[in-house]
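Below is one structure, written out as C-alpha cells, with a few remarks after it.
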2 protein chains.
Amino acid sequence: MKSQNAPALQELAQDFREALRHSVYLVRRLDADGELSTAQLSTLKMLLDDGVRVGEIAKNLGVRVPSATEQIIKLERAGLARREADPDDSRAVRVVLTPEGRDAIESANRRRNAVMAGILESLTDDDRRALAAALPVIEKINSTIQN
Amino acid sequence: MKSQNAPALQELAQDFREALRHSVYLVRRLDADGELSTAQLSTLKMLLDDGVRVGEIAKNLGVRVPSATEQIIKLERAGLARREADPDDSRAVRVVLTPEGRDAIESANRRRNAVMAGILESLTDDDRRALAAALPVIEKINSTIQN
DNA sequence: CGCTTGATATTAGGTTACCTAACTATTAGG
DNA sequence: CCTAATAGTTAGGTAACCTAATATCAAGCG
C-alpha cells in the first residue's frame, strides 16, 4: 500500500499545487472589483473574533508582523478597524472591527459570492459535491501555514 | 430541488472563496524558497507548449499584457526563456523555453512538491481521495479566468 | 530593586508584480 | 492607400509583501 501511495502522493501534491497556483490568479480577478483587496478582506475577517492582536493576525495570515501592521493602518484610515490598547499588556494592541468594517465585509462578500455562485452554477451536481467534500480538507491544509 | 440548491450554492461559493483566499497565503509561503516566484513559475509553465505569444500568456494567466511582458523580460534576463520573431506576424513575439528554463521548472517543482507531499502525508486516505476528486473541478473553475 | 533578555509593535527602506496610459510597429479592410 | 484594429513595449504608479532597526514594555533573576 505504501509503495502504491508514495507516487500518488507526489502526483497529488503536484496537481494540487498547480491548481492552487492557478487559483491565485482567479482570486485576484474576483477581488479586483474596487471594494476591498484580497489582503484587506483577509485582514478584516481576522477581526471577527473581537480584539485580536497584531501578531496573531500576522500569524494566522502567514505574513510578518510589519505587513499586518500596514494593512491594519490602511483599514484604520478607511474607518473599518480601530486599534486599542491592550489592558493586560501595554506593549500589545487589540484590533477591533468598526460597524463600517462589518458592513464592508458583508458587502464585499455579497458581490463576490454572487460572481462565484455564477461560476459554480455552470458545474454539474457531482462537481459541486466533489468540491464541497474537498473544502474541509483544503482548509486543513491551509491551516498548516500558521506554523 | 432548485429551491434546495440555491442556498447551498451561495454557501458553497462563500466557503470556496474563503478557502482559496487562505490558499493564496499558503502558495506564497510554499513559493518563498528563493527559486522561482509564483508569477515566474506560472509564466514559465505557459511556455511548455512551445512558441507561445505574449498575449496568450497574459490571457491564460489572467493578467494584462504588460504584466506578462515584464515577467518574460525577467525570465529572459535569467536565461530561462527566449523571445523570437513570429514568422507569420511580425508584430507578434513567440516566447520559448530554454533548456535552463526547463530545468528551473523541474527543480522548483521538485522542492515544492516535496513540501506539499509532506503536508498531504499527514491527511487521511479519505481526505486525499476527496482532494483528488475535487482537483479537476477546481481547474475547471480556474479556467473561467480566461474569459 | 534594578538590569538584562525577550516580546510587541511601528518605522524606514526596498522588491515584486500587478495596473493604466501612451507609444511603436505591423496587419487588414474599405 | 489610408484608416482602424492588433501585438507588444515603455513609462509611471500602486499594493502588499519583506528585512533591519527602533521604541516600549514585561518578566525573571541576581
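So that the names make sense, note that chain A is the first sequence line, chain B the second, and so on, each numbered from 1. Reckoned from all heavy atoms, side chains included, excluding hydrogens, waters and symmetry mates.
Residue B:Ser90 places none of its side-chain N or O atoms closer than 4.0 Å to OP1 or OP2 of C:dA25. In terms of phosphate contacts, B:Gln71 brings a side-chain nitrogen or oxygen within less than 4.0 Å of OP1 or OP2 of C:dC18. Taking only side-chain nitrogens and oxygens, B:Arg64 never comes nearer than 4.0 Å to OP1 or OP2 of C:dC18. Of the side-chain N and O atoms in A:Thr38, none sit less than 4.0 angstrom from OP1 or OP2 of D:dA16. Between B:Ser67 and C:dA17, a side-chain N or O to OP1/OP2 separation shorter than 4.0 Å is absent.
When the P atom of D:dA15 is taken as reference, atom CG of A:Asp31 falls 15 Å away, rounded to whole Å. In this entry the distance linking CG of B:Leu26 with P of D:dC17 reads 15 Å, nearest Å. Here C:dC19 presents its C1' atom at 14 Å from OH of A:Tyr25, a figure rounded to the nearest Å. The distance between atom CD1 of B:Ile57 and atom C1' of C:dA17, rounded to the nearest whole Å, is 16 Å. Put simply, CZ on A:Arg28 is 18 Å from P on D:dT14, counting in whole angstrom units.
Pair assignment for C:dG30: D:dC1, on the basis of Watson-Crick or G-U wobble contacts that are both within less than 3.5 Å.
Taking the charged nitrogens against the carboxylate oxygens, A:Glu106 and A:Arg102 have no contact shorter than 4.0 Å, which rules out a salt bridge. Ionic pairing of B:Lys45 and A:Glu18 is present here: one or more N-O contacts between side-chain nitrogen and carboxylate oxygen are shorter than 4.0 angstrom. Salt-bridge formation is not detected for the pair B:Glu76/B:Arg82: no Lys NZ or Arg NE/NH1/NH2 atom is positioned less than 4.0 Å from an Asp or Glu carboxylate oxygen.
Of the candidates C:dC19, D:dA16, C:dA17, the closest approach to any side-chain atom of A:Lys74 belongs to D:dA16.
No side-chain heavy atom of A:Glu84 sits less than 4.5 Å from a side-chain heavy atom of A:Val95. In this structure, B:Arg53 and B:Asp89 have side chains that are in contact, with non-hydrogen atoms separated by less than 4.5 Å. At least one side-chain heavy atom of B:Ile141 sits under 4.5 Å from a side-chain heavy atom of B:Val137.
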Nucleotide-resolved protein contact map, nucleotides 1-14 of chain C, B/S/- at heavy-atom distance under 4.0 Å: -----BBSSBB---
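For the side-chain contact (heavy atoms from CB on, under 4.5 Å) with A:Arg17, the qualifying choice from B:Asp31, B:Leu26, B:Val27, B:Val115 is B:Asp31, the only one to do so.
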